[in-house]
Amino acid sequence: MTSSTPDALWSSQAIRLLHPAAVVCERVRRRIGRQTILDRIDLQVPVGARLLIVAVPDASGSLLLRVLAGLARVDDGRVRLAGGLTPGTSPAGWARRTAYVGPDLGLFQWMTADETLALAARLIGLERSDARSRIDAGIERWELGAGRDRPLSRMGLAFMQRTAMAAALLGDPEVVLLDEPLRALDPEERIRLLRLPGERRTVVLASRYPASEAGAVNQVALLQQGRVTLHAPISALEQHGLPLSLRSIETLAGLVAVRREVARSSRAKTSPAERRASA
């Protein structure tokens with residue numbers, strides 16, 4: 001690698017070989033009316049990463065997650081998840097290997113948590129014996145025992161959000177897409193639950209409140225006007241003494257852009273022979 005910038009680190013060939021991508025966006029573009037919301041997005045998220053998506057405007061981050069989940073189309077470009085799956089193909093494999101939880105939980109509020117998880121098990125094709133053990137584990141992991149037999153409508157928003165997470169993770173997915181998850185929970189409890197187990201599980205989390213995600217993520221990507229202007233480890237903020245906030249993320253993106261421009265100018269002034277000698 002010839003640069004020490006975070007972007008260079010995460011885009012280097014060596015890193016891609018050591019840490020294959022769980023999420024790949026290639027020149028993804030989406031317009032709504034006359035407005036381009038996603039503008040030729042290139043993004044690779046390594047297997048096992050916990051990536052925070054921060055977007056300006058906010059809606060572009062939510063739209064990107066919906067595109068990744070196969071819930072919104074793209075005008076151009078390509079998306080691949082979990083080793084090559086593309087949205088809309090191999091429904092059974094897609095449902096088992098990826099999961100999405102957005103602001104609209106999509107739950108039937110007349111159902112109980114038990115019934116909701118049983119329905120999720122059927123939808124992803126779990127065998128009955130396997131489904132029962134996974135449902136019981138999900139009830140315990142997401143602390144649903146106290147109301148597992150009561151209609152969701154009687155249990156409150158926090159309980160429903162935990163139920164949605166339990167249902168989404170029932171199939172032990174490789175890629176988990178979360179848009180503002182568990183906002184009704186106490187902040188400390190929320191972060192504890194968002195530390196999802198599994199070293200090879202990849203989490204992409206869109207948030208309007210970056211500081212609230214501290215402890216749950218290890219990478220950050222910034223979308224500005226539909227383009228990825230930063231993809232860096234959280235440690236890059238720490239190295240510059242910057243907190244996890246929108247202003248700090250934008251500051252780091254500016255620093256990276258300046259370094260990139262300096263490196264580009266330096267290369268332009270270097271002769272081919274000098275570049276070969278330094279390679």
Side-chain angles (χ1 to χ4, degrees), residues 5-8 10-11 16 20-47 49-89 94 97-104 106 168 173-181 183 202-210 213 217-234 236 244-254 256-257 260:
T5 67
D7 279 4
W10 291 106
S11 62
R16 289 199 299 271
V23 177
V24 177
C25 295
E26 297 177 343
R27 310 292 287 176
V28 169
R29 186 170 176 270
R30 173 65 194 272
R31 292 178 62 89
I32 296 179
R34 296 184 177 181
Q35 186 176 7
T36 299
I37 307 299
L38 304 177
D39 189 6
R40 293 170 291 175
I41 285 182
D42 288 312
L43 182 66
Q44 293 197 15
V45 185
V47 170
R50 287 354 192 216
L51 176 67
L52 169 63
I53 298 283
V54 179
V56 181
D58 297 332
S60 59
S62 295
L63 178 59
L64 177 59
L65 257 66
R66 289 178 57 79
V67 164
L68 294 176
L71 300 174
R73 64 176 179 80
V74 298
D75 297 319
D76 296 295
R78 185 167 62 164
V79 171
R80 299 195 308 276
L81 273 70
L85 292 177
T86 56
T89 63
W94 182 266
R97 297 176 67 185
T98 66
Y100 168 81
V101 179
D104 182 359
E174 298 170 40
V175 177
V176 181
L177 308 168
L178 304 175
D179 189 358
E180 300 288 354
R183 281 294 173 201
T202 304
V203 179
V204 181
L205 190 161
S207 177
R208 294 169 173 80
Y209 311 101
E213 314 306 342
V217 295
N218 57 22
Q219 296 183 23
V220 60
L222 175 64
L223 272 63
Q224 290 179 304
Q225 307 307 317
R227 293 193 174 190
V228 177
T229 58
L230 177 73
H231 182 194
I234 294 296
L244 185 56
S245 68
L246 175 58
R247 179 172 296 181
S248 295
I249 294 167
E250 290 176 329
T251 297
L252 182 59
V256 169
R260 189 186 299 122

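Bear in mind the structure is a predicted one, so any value in this text is a computation, not a measurement. FYI, the numbering just counts along the sequence from 1.
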- prompt: What distance separates Arg183 CZ from Ser207 OG, expressed to the nearest 0.5 Å?
  reply: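 Spacing of CZ (Arg183) from OG (Ser207) equals 4.0 Å.
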- request: Give, for atom CZ of Arg30 and atom CG of Leu38, the distance between the pair rounded to the nearest 0.5 Å.
  value: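 Nearest 0.5 Å value for the CZ-CG distance: 8.0 Å.
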- prompt: Is there a donor-acceptor contact under 3.5 Å from the side chain of Ser62 to the main chain of Ala59?
  reply: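 Answer holds: no.
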query: Judged by atom type as modelled, is there a donor-acceptor pair below 3.5 Å linking the side chain of Asp75 to the main-chain atoms of Arg31?
result: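 A pair under 3.5 Å: yes.
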Could you check whether [X] pairs with [Y] (Lys NZ or Arg NE/NH1/NH2 to Asp/Glu carboxylate O, under 4.0 Å)?
X: Glu213; Y: Arg50; result: no
X: Glu250; Y: Arg247; result: no
X: Asp42; Y: Arg27; result: yes
X: Arg208; Y: Asp58; result: yes

message: side-chain contact (heavy atoms from CB on, under 4.5 Å), that's the test. Do Leu177 and Val203 meet it? Break it down for me.
response: CA-CA 6 Å; Leu177 308 168; Val203 179; over 6 Å; no
Report yes if some heavy atom in the side chain of [X] is under 4.5 Å from a heavy atom in the side chain of [Y]; otherwise report no.
X: Val45; Y: Val24; answer: no
X: Pro57; Y: Gln225; answer: yes
X: Val220; Y: Ile234; answer: yes
X: Leu178; Y: Val204; answer: no
X: Val74; Y: Arg29; answer: no
X: Asp76; Y: Val28; answer: no
X: Leu68; Y: Leu81; answer: yes
X: Leu223; Y: Leu64; answer: yes

message: Checking Val23 against Leu43 for the side-chain contact (heavy atoms from CB on, under 4.5 Å) test, could you report, in this order, the C-alpha distance in whole Å, the side-chain angles of both residues, the deciding distance, and whether it holds?
response: CA-CA 8 Å; Val23 177; Leu43 182 66; 5.5 Å; no
query: Looking at Ile53, Leu244, Val217, which hits side chain to side chain contact (heavy atoms under 4.5 Å, CB included) with Pro210?
result: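 Answer after filtering Ile53, Leu244, Val217: Leu244.
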Considering all heavy atoms, the nearest [X]-[Y] contact:
X: Ala232; Y: Leu252; value: CB-CD2, 4.3 Å
X: Leu222; Y: Ala253; value: CD2-CB, 3.8 Å
X: Pro181; Y: Ala206; value: CD-O, 4.4 Å
X: His231; Y: Gln44; value: CE1-O, 3.0 Å
X: Ala99; Y: Ala168; value: CB-O, 3.3 Å

query: Looking at residues at least two apart in the chain, or sitting in another chain, which of them share a side-chain hydrogen bond (donor to acceptor under 3.5 Å, both in side chains) with Ser245?
result: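 If we apply the side-chain hydrogen bond (donor to acceptor under 3.5 Å, both in side chains) test to Ser245, skipping adjacent residues, the hits are Ser248.
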- request: Please report the C-alpha distance between Val176 and Val101 in whole Å, then the side-chain angles of each, then the deciding distance to 0.1 Å, and finally whether the side-chain contact (heavy atoms from CB on, under 4.5 Å) criterion is met.
  value: CA-CA 8 Å; Val176 181; Val101 179; 6.0 Å; no
Worked check of side-chain contact (heavy atoms from CB on, under 4.5 Å) between Leu205 and Leu51: CA-CA 6 Å; Leu205 190 161; Leu51 176 67; over 6 Å; no
- prompt: Who are the salt bridge (Lys or Arg N to Asp or Glu O under 4.0 Å) partners of Asp179, not counting sequence neighbours?
  reply: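 So Asp179 forms no salt bridge (Lys or Arg N to Asp or Glu O under 4.0 Å) with any residue.
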